[in-house]
Engineer: 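Take a look at this one; I'll ask things after.
Values below: all heavy atoms of this structure, side chains included; hydrogens, waters and symmetry mates excluded. All chains are named by letter (A, B, ...) in the order of the sequence lines, taking the proteins before the strands, and each is independently numbered beginning at 1.
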There are 2 protein chains.
Amino acid sequence: MSSSKRKRYKFPKTTVERLSYYFRALEEMAKRGIDTISSEALGNKLNIKSSQIRKDLSYFGYFGKRGMGYDVRYLLKELRYILGLDREWPVIVVGAGHLGLAISRYPGFDMRGFSIKAIFDMDTEKVGTDIDGIPIKHVDEMEHFIRENEIEMAIIAVPAEHAQNVADTLAAEGIKAILNFAPVTLKAEDDIRILSVDLTTKLEALAYYMSFNKDKLWKIIN
Amino acid sequence: MSSSKRKRYKFPKTTVERLSYYFRALEEMAKRGIDTISSEALGNKLNIKSSQIRKDLSYFGYFGKRGMGYDVRYLLKELRYILGLDREWPVIVVGAGHLGLAISRYPGFDMRGFSIKAIFDMDTEKVGTDIDGIPIKHVDEMEHFIRENEIEMAIIAVPAEHAQNVADTLAAEGIKAILNFAPVTLKAEDDIRILSVDLTTKLEALAYYMSFNKDKLWKIIN
DNA sequence: TAGATTGTTAATCGATTAACAATC
DNA sequence: TAGATTGTTAATCGATTAACAATC
């Protein structure tokens, strides 16, 4: 039923994330006036093996010239298209705490076409104000706003204990992708894409790595 | 020379991150008065297979009772020890922009023993003020502060173009672990642990997944 | 042409999972 | 004891990498 006749190619989940790194590095190179780059040179810059880069790109097409490398502007254009960055993505943020506000102002989002259209919160002190032109609205207005503005992506920046609730509400209101900053594992139907950014987990991983060679563990990794 | 006679066990890099999820889930359970849990039940909560959980834990010891599951408080205690969370970690933040300040106030860090001791910036308007009791100091004072307070961990929250510079400085001043929020790949010597949190990459991955089944790509994943 | 570098194959390496004997 | 659930083995699955023929 849902499976098309078209051949499907699998690729590692890690590839999409790396494409994003390639895109960013190429953007910087374009800015510096570099117009051709080899997988070797790009790999050096990103600490990624050149064969990994070539393989990642090969899942999507032929972008290089043998003996020459990749045309920076051309590859940028293709990656922009592959990553879906050739359009504007209207986004809402739920949670107007320190983190929610910092995220709303994060310059990196706007640069990539992610445009924060509104921030939602329950705190009536904050509702009605705005942050750099982005209105803070009451969560009760969320459903209407999502439909009115055809929002598909949302960022959750509320405390852990409210996050699942917010996710359920967003799902019911038609959101298709969620970037979650709350430190919980969210549950949702399969048609909703959820990715989490975990601020503490990585710091904890660092703490682990700082501890382990100080003779604290029975068994040590390599 | 550096290799001890002790047997070394390898385990996946992903394991440490999952231990951190287990810890968090168990903490919440302890708070709710649950005192025993099976790998099956914990897995359901975290969308992780029970065999994965048992395997992860098995790298570090025997924590469960067959037929009974795991004692929540005991496992918490062991995980706290393994993750190095049984001590205080003094941390500094470099960059007093919106993100740096939000990070400095993030309640999740303090809860885990990560204590932000100071924020460093070059902006003389900000230097001398404080955020919730955390002083903002000039970067020139950083080296002295690091030595004086025996800081080993730092968080980078400066613009991409300054991040490598800051990392080099931190390394020279004796920092051993860096959590990087700047959207660049940092280079450093092997004895310095760097992990990055990338705010845009995940949003880009979501954008990709929202685009791909809209007939945009030649080759489609599964 | 000679040199460089891609795109792709095949081998290796690493991580997850099912299955089950051990045992509480 | 019977039932439940661990700890561990072995199979499977997935991702990375070296190597090289193709070709600019």
Side-chain angles (χ1 to χ4, degrees), chain A residues 7-22 25-26 29 34-72 74-76 78-79 82 185 205 218-219 221-222, chain B residues 7-22 25-26 29 34-72 74-76 78-79 82 185 205 218-219 221-222:
Chain A
K7 198 168 166 199
R8 293 181 164 232
Y9 294 78
K10 284 214 188 103
F11 58 80
K13 295 204 200 63
T14 42
T15 290
V16 176
E17 197 170 340
R18 281 193 300 266
L19 292 183
S20 176
Y21 295 138
Y22 305 156
L26 290 165
M29 284 164 177
I34 298 165
D35 41 41
T36 275
I37 188 145
S38 68
S39 57
E40 190 65 31
L42 183 57
N44 283 150
K45 193 176 163 63
L46 294 170
N47 292 333
I48 292 174
K49 293 261 180 337
S50 63
S51 52
Q52 177 82 83
I53 295 177
R54 295 197 299 280
K55 184 144 249 299
D56 283 340
L57 295 175
S58 76
Y59 294 117
F60 300 93
Y62 312 91
F63 304 117
K65 281 213 187 9
R66 286 164 202 244
M68 310 258 51
Y70 300 87
D71 182 273
V72 172
Y74 174 66
L75 187 49
L76 264 175
E78 293 295 316
L79 285 176
I82 291 165
T185 301
W218 313 252
K219 303 178 183 179
I221 58 153
N222 186 0
Chain B
K7 197 168 165 198
R8 294 183 163 231
Y9 295 80
K10 283 215 188 99
F11 58 80
K13 296 205 199 64
T14 43
T15 291
V16 177
E17 196 168 340
R18 280 193 300 266
L19 292 183
S20 176
Y21 296 139
Y22 304 157
L26 290 165
M29 283 164 177
I34 298 165
D35 42 42
T36 277
I37 189 146
S38 68
S39 57
E40 189 67 30
L42 183 58
N44 283 149
K45 193 176 163 66
L46 294 170
N47 291 333
I48 292 173
K49 293 263 181 335
S50 63
S51 52
Q52 177 80 84
I53 294 177
R54 294 198 300 276
K55 184 143 247 302
D56 283 338
L57 295 175
S58 76
Y59 294 117
F60 299 94
Y62 312 91
F63 304 117
K65 281 213 186 10
R66 289 165 200 242
M68 310 258 50
Y70 299 88
D71 181 273
V72 172
Y74 174 66
L75 187 50
L76 265 175
E78 293 294 316
L79 285 175
I82 292 165
T185 302
W218 314 252
K219 303 179 183 177
I221 56 152
N222 187 359

Engineer: If I take atom CZ in residue B:R18 and atom P in nucleotide C:dT17, what distance separates them, rounded to the nearest angstrom?
Structural biologist: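 Taking CZ of B:R18 and P of C:dT17, I get 8 Å after rounding.
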Engineer: Does the side chain to side chain contact (heavy atoms under 4.5 Å, CB included) test come out yes or no for A:E17 and A:T14, once each step is laid out?
Structural biologist: CA-CA 5 Å; A:E17 197 170 340; A:T14 42; 5.6 Å; no
Engineer: Within the structure provided, determine whether A:L26 and A:Y70 are in side-chain contact (heavy-atom separation under 4.5 Å).
Structural biologist: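 Not in contact.
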Engineer: Between CG of B:L75 and CG of B:L42, what distance do you get to the nearest 0.5 Å?
Structural biologist: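 Between atom CG of B:L75 and atom CG of B:L42 there are 8.0 Å.
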Engineer: For the pair made of CG in A:L57 and C1' in C:dT8, what is the distance, rounded to whole Å?
Structural biologist: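 Spelled out: CG on A:L57 to C1' on C:dT8 is 13 Å.
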Engineer: Can a donor-acceptor pair under 3.5 Å be found between the side-chain atoms of A:R66 and the base atoms of C:dT6?
Structural biologist: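 Donor-acceptor pair under 3.5 Å: yes.
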Engineer: Find the distance A:K13:NZ to D:dT16:P and express it as a whole number of Å.
Structural biologist: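 Distance, rounded to whole Å: 11 Å.
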Engineer: Would you say A:T14 reaches D:dA15's phosphate, i.e. side-chain N/O to OP1/OP2 under 4.0 Å?
Structural biologist: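 No.
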Engineer: When all nucleic acid strands are considered with a 4.0 Å heavy-atom cut-off, which category describes A:S51: base, sugar-phosphate, or nothing?
Structural biologist: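 Base: the residue A:S51, judged by heavy atoms under 4.0 Å, touches a nucleobase.
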Engineer: Could you tell me whether the phosphate oxygens of C:dT5, OP1 or OP2, come under 4.0 Å of any side-chain nitrogen or oxygen in A:S39?
Structural biologist: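 Answer no for this pair, as no side-chain N or O of A:S39 is under 4.0 Å from OP1 or OP2.
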Engineer: If you look at every strand shown and take non-hydrogen atoms under 4.0 Å, does A:T15 touch a base, only sugar-phosphate, or nothing?
Structural biologist: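 Here A:T15 touches no strand at all.
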Engineer: D:dG7 phosphate, OP1 or OP2: any side-chain N/O from B:Y70 under 4.0 angstrom?
Structural biologist: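 Yes, such a contact exists.
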Engineer: To the nearest 0.5 Å, how far apart are CD1 in B:I53 and OG1 in B:T15?
Structural biologist: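 It is 11.5 Å, given to the nearest 0.5 Å.
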Engineer: For A:R54 and D:dT17, give me the distance from atom CZ to atom P, rounded to whole Å.
Structural biologist: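 In whole Å, D:dT17 P and A:R54 CZ are 12 Å from each other.
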Engineer: Specify the separation, in whole Å, of atom CD1 of A:I48 and atom C1' of D:dA15.
Structural biologist: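 It works out to 13 Å between those atoms.
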Engineer: Taking the side chain as every heavy atom from C-beta outward, state whether B:L57 and B:L79 have any atom pair closer than 4.5 Å.
Structural biologist: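 The answer is yes; the side chains approach within 4.5 Å.
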Engineer: Within this structure, what is the NZ-to-C1' distance between B:K49 and D:dT5, rounded to whole angstrom?
Structural biologist: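 So the two atoms are 18 Å apart, to the nearest Å.
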Engineer: May I ask you to evaluate whether A:Y62 reaches the phosphate of C:dT8, defined as a side-chain N or O under 4.0 Å from OP1 or OP2?
Structural biologist: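 Yes, within the criterion.
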Engineer: Report the C-alpha separation of A:S50 and A:R54 in whole Å, then their side-chain angles, then the decisive distance to 0.1 Å, and conclude whether the side chain to side chain donor-acceptor pair (under 3.5 Å) test is met.
Structural biologist: CA-CA 6 Å; A:S50 63; A:R54 295 197 299 280; 3.2 Å; yes
Engineer: Roughly, in whole Å, what's the span from NZ in B:K55 to C1' in C:dA15?
Structural biologist: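 Distance check: B:K55 NZ to C:dA15 C1' gives 9 Å.
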Engineer: Give the dot-bracket line for DNA chain C from 5' end to 3' end: parentheses for intra-strand Watson-Crick or G-U pairs under 3.5 Å, square brackets for crossings, | for inter-strand pairing, dots for unpaired.
Structural biologist: ..||||||||||||||||||||||
Engineer: Are the side chains of A:F11 and A:D56 in contact, using a 4.5 Å heavy-atom criterion?
Structural biologist: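 No, side chains not in contact.
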Engineer: Distance check needed: D:dG3 P versus B:M68 CE, whole Å only.
Structural biologist: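 Spelled out: CE on B:M68 to P on D:dG3 is 15 Å.
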